Student: 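My questions all concern the structure below.
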Protein chains: 2
Amino acid sequence: MQDRITIKDVAERAGVSYQTVSKVLNHQAKVKPQTEARIRKAAEDLGYQPDQAASSLRSRRSRMIGYSGSPWPANQANPILDQFLQGMLHAAERAGYYLLCFPHHTGERQVEPYRQLIESRRVDGFVVSGVEYDDPRLQFLLDKGFPFVAFGRSNVGMRFSFVDVDGKAGMRKVVEHLVARGRRHIAALSWPDNSRVGQDRMAGYREAMQSAGIDINPDWIARGEGSVTFGHQVMQGWLALPSERRPEAVAAFNDGMAVGAMQAIQENRLAVGVDLAVTGFDDLPMTQYLTPPLTTVRLPVAEIGERVIKMLVNSLENNSAEVQHELVEPELVVRQSSTGEKASGD
Amino acid sequence: MQDRITIKDVAERAGVSYQTVSKVLNHQAKVKPQTEARIRKAAEDLGYQPDQAASSLRSRRSRMIGYSGSPWPANQANPILDQFLQGMLHAAERAGYYLLCFPHHTGERQVEPYRQLIESRRVDGFVVSGVEYDDPRLQFLLDKGFPFVAFGRSNVGMRFSFVDVDGKAGMRKVVEHLVARGRRHIAALSWPDNSRVGQDRMAGYREAMQSAGIDINPDWIARGEGSVTFGHQVMQGWLALPSERRPEAVAAFNDGMAVGAMQAIQENRLAVGVDLAVTGFDDLPMTQYLTPPLTTVRLPVAEIGERVIKMLVNSLENNSAEVQHELVEPELVVRQSSTGEKASGD
DNA sequence: TAAGCTCTAGCGAACGTTCGCCTTACTTAA
DNA sequence: TTAAGTAAGGCGAACGTTCGCTAGAGCTTA
């Protein structure tokens, strides 16, 4: 650790005042091209790296974006989030920002970290993920007028920028696929009513059923907390019904419930994909290796991460308060759990 | 966004000089208890949050820890890392630090982000994960004399602090379990020779085999890149052997290869857990829902994350250059893939 | 009674930038 | 010729802390 190279060293070497160096390196101020070249060369030669603390202090910008870890239920470790993070990291790097990660808390104190980060001037903006209805974090940030972009939508009335998966479109694809394979009695393993994501996916289910001219049987809609156990229990219930009241396909709103349903079916000595079709949602890494492999919906999570960052950085740099929305359409991944076909090799 | 509350506002309210406020809030300087109480109350009343940039500029400490995203192969999204991150985040928060996350790059430029973060004074130390032999990041940080703690070991000669999973102990447990279930012809789906993690686990395999008095058949040791495909291929080869030269158990060094092996076995109409036992390593989230559920080794990754941060923070605060090592013993999770027993309900 | 010590707290300076205004030299128009 | 305009870069100040030293008050000791 030798003496730090400061902007003054660069200035001296380039034969200009140090403030001019600052101008060139930031504002793109007006200087002669030669001078600029001289300064850039000097900076390069010396390996100059601006001291971020000094820069932040004066400019009031930290070039940091706050992001709280997964607010998802802790028990179901979400591999999806890793991809989201990767997407954000790369986009942030390209834009010259870093991510500041902090843990998520539940309950009343969940906005506390946000307040601290804002007031200590550590971040320029936030990425808020795992958004739900009446999210206190969103309300807090809106009240403060602090920049952020959300991964996910919330109440219709709240005006803020977001990127989200088009769950409706995804679910529509699922149902259309099942219908195309000749299934009409399609049950839904859904999410609680108060779940924004659940409602979105449910809307796709309803739309597609309606388009196909199929009546929805309320008995075939179960709402639960998305666990394997829940999927298993509900499926057992359906299998206990007399055969004419039993569904011939189950569209689960996440992969966990689909796995539970598959287990229940197999315990009843029925063949998944043949006797009953099962589909999931999210495309967790292992689902392609289940027996049979699970038909599911793949979310382009890394891409969403990139878009979220781009949107946020854009609004930070332009100081624009305009809100933007992006919906990304997910992709149906057809595997044997819905078709009953034999695996075709690898 | 109103006027910022600075240390001077606090000082005025408490009737002392602002430098004294700083002393009280940081160094725990010697002041009369009453004065201290008055200052703390004033800070509280005003909701004072120190400006981190100013603090960093003067004190040369950012209270940030750098951590690069997953260096794991991008194709196999690693759900484990999410837990690691969560563990770190919570420990860091308790210690008053935040994590600065940045993307991992491969090749020659992989140390570049480290250099930048150091020189721009953004971080006080690093957590380096996914460590392997001859890791250029470790060498760079050692050369610079910059504080870091690694998740994982590297070359024997390098002196640095780390926390690691005791893969040897984990693998020993696996083999002992298989032997206890009456298996003796135990094959290993291992990792490349140049993998530090692979060597560690392999040592456990060898030790346990030796302790059990079983000769190791070199034909039953395969080394590959850890993919499902690799496990599948190798297993097919073993199954093609005449029955007396065929292993009766397969210990895979990660869950992916175990899944591949299971598939190959099932394609040959053999029963996993009965005809051949299969075990994995890592306990990925979905493995408990495979058919049959996979016996594997669970790594306490969140705990490791916490320990890594504690160790790093400790060395930062005490300015201690002493190196520390911690090995965490993983836990064997016995499921049906190695026992062939029926599922006992849920 | 003077010297010395301890306990409190104050004060000037510095950390390394960026901001905004100012100066100088040169060009152009009237 | 002169006023005005423009390009190029200099300069003082400020951002909000923490560091290290100093000063005064009160107490002890020889």
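Keep in mind the model is a prediction, meaning the values are calculated, not measured. Within every chain, numbering begins at 1; the chains are lettered A, B, ... in the order of the sequence lines, protein sequences first and strands thereafter.
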Student: Could you state the atom-to-atom distance from CG of B:D51 to P of C:dT17 in whole Å?
Tutor: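 Spelled out: CG on B:D51 to P on C:dT17 is 17 Å.
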Student: From CD1 of A:I39 over to P of D:dA8, roughly how many Å is that when rounded to an integer?
Tutor: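 So the two atoms are 13 Å apart, to the nearest Å.
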Student: Sort me out a list of protein N/O and nucleotides 8-13 of chain C N/O pairs below 3.5 Å, or just none if empty.
Tutor:
{"residue": "C:dA9", "atom": "OP1", "partner": "B:T35", "partner atom": "OG1", "Å": "2.7"}
{"residue": "C:dA9", "atom": "OP2", "partner": "B:K32", "partner atom": "N", "Å": "2.8"}
{"residue": "C:dA9", "atom": "OP2", "partner": "B:T35", "partner atom": "OG1", "Å": "3.3"}
{"residue": "C:dG10", "atom": "OP2", "partner": "B:S17", "partner atom": "N", "Å": "2.9"}
{"residue": "C:dG10", "atom": "OP2", "partner": "B:S17", "partner atom": "OG", "Å": "3.1"}
{"residue": "C:dG10", "atom": "OP2", "partner": "B:T20", "partner atom": "OG1", "Å": "2.8"}
{"residue": "C:dG10", "atom": "O6", "partner": "B:K23", "partner atom": "NZ", "Å": "2.2"}
{"residue": "C:dG12", "atom": "N7", "partner": "B:Q19", "partner atom": "NE2", "Å": "3.4"}
{"residue": "C:dG12", "atom": "O6", "partner": "B:Q19", "partner atom": "NE2", "Å": "3.0"}

Student: How many Å lie between CZ on B:R122 and P on C:dT17, as a whole number?
Tutor: 13 Å
Student: When you measure from the side-chain N and O atoms of A:R60 to the phosphate of C:dT18, is any distance below 4.0 Å, counting only OP1 and OP2?
Tutor: no
Student: Would you say the side-chain atoms of A:R38 pair up with the backbone N or O of A:A14, donor to acceptor, closer than 3.5 Å?
Tutor: yes
Student: Under 4.0 Å, counting only non-hydrogen atoms across every strand here, what does A:T6 touch: a base, just sugar-phosphate, or nothing?
Tutor: sugar-phosphate
Student: Which residue pairs satisfy the salt bridge (Lys or Arg N to Asp or Glu O under 4.0 Å) criterion with at least one member in residues 152-166 of chain B, sequence neighbours excluded?
Tutor: B:R153-B:D164, B:R153-B:D200
Student: Taking atom P of C:dT17 as reference, at what distance in whole Å does atom CG of A:L25 sit?
Tutor: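 To the nearest whole Å, that distance equals 10 Å.
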Student: Check this for me, if you would: do B:E36 and B:R40 make a salt bridge, where the nitrogen-to-carboxylate-oxygen distance has to be below 4.0 angstrom?
Tutor: yes
Student: I need the CD1-P distance between A:I7 and D:dC11, as an integer number of Å.
Tutor: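 Whole-Å distance recorded here is 15 Å.
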Student: Tell me if a side-chain donor or acceptor on B:D82 pairs with a main-chain N or O of A:D82 at a distance below 3.5 Å.
Tutor: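 Looks like no, no N/O pair under 3.5 Å.
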Student: Can you name the side chain to side chain contact (heavy atoms under 4.5 Å, CB included) partners of A:L117, sequence neighbours left out?
Tutor: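 Checked A:L117 against side chain to side chain contact (heavy atoms under 4.5 Å, CB included); matches are A:L100, A:F102, A:R122, A:V123, A:F126, B:Y98.
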Student: Between A:C101 and B:Y67, does a side chain to side chain contact (heavy atoms under 4.5 Å, CB included) hold up when you go through it step by step?
Tutor: CA-CA 10 Å; A:C101 295; B:Y67 167 65; over 6 Å; no
Student: Would you list the pairs meeting salt bridge (Lys or Arg N to Asp or Glu O under 4.0 Å) in which at least one residue belongs to residues 86-110 of chain B, sequence neighbours left out?
Tutor: B:R94-B:E306
Student: In whole Å, what is the span from the CD atom of A:Q34 to the P atom of D:dG9?
Tutor: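 In whole Å, D:dG9 P lies 8 Å from A:Q34 CD.
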Student: Measure from CG on B:N26 to C1' on D:dG16 and round the result to the nearest Å.
Tutor: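 In whole Å, D:dG16 C1' lies 12 Å from B:N26 CG.
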Student: Note down the inter-axis angle between the two ends of the helix from C:dT1-D:dA30 to C:dA30-D:dT1, five pairs each, to the nearest 10°.
Tutor: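 Comparing the first five pairs with the last five, the axes sit 50° apart.
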Student: Could you check how far NZ of A:K8 sits from C1' of D:dG9, rounded to whole Å?
Tutor: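 Interatomic distance, NZ of A:K8 to C1' of D:dG9: 17 Å.
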Student: Identify, with sequence neighbours excluded, every residue that meets side chain to side chain contact (heavy atoms under 4.5 Å, CB included) alongside B:R121.
Tutor: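 Counting only residues at least two positions away or on another chain, B:R121 forms a side chain to side chain contact (heavy atoms under 4.5 Å, CB included) with A:R4, A:D51, B:R60.
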Student: Any side-chain N or O of A:S22 less than 4.0 Å from the OP1 or OP2 oxygen of C:dT17?
Tutor: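 No, outside the criterion.
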Student: Any ion pair linking B:K41 and B:D45 (charged N to carboxylate O, less than 4.0 Å)?
Tutor: yes
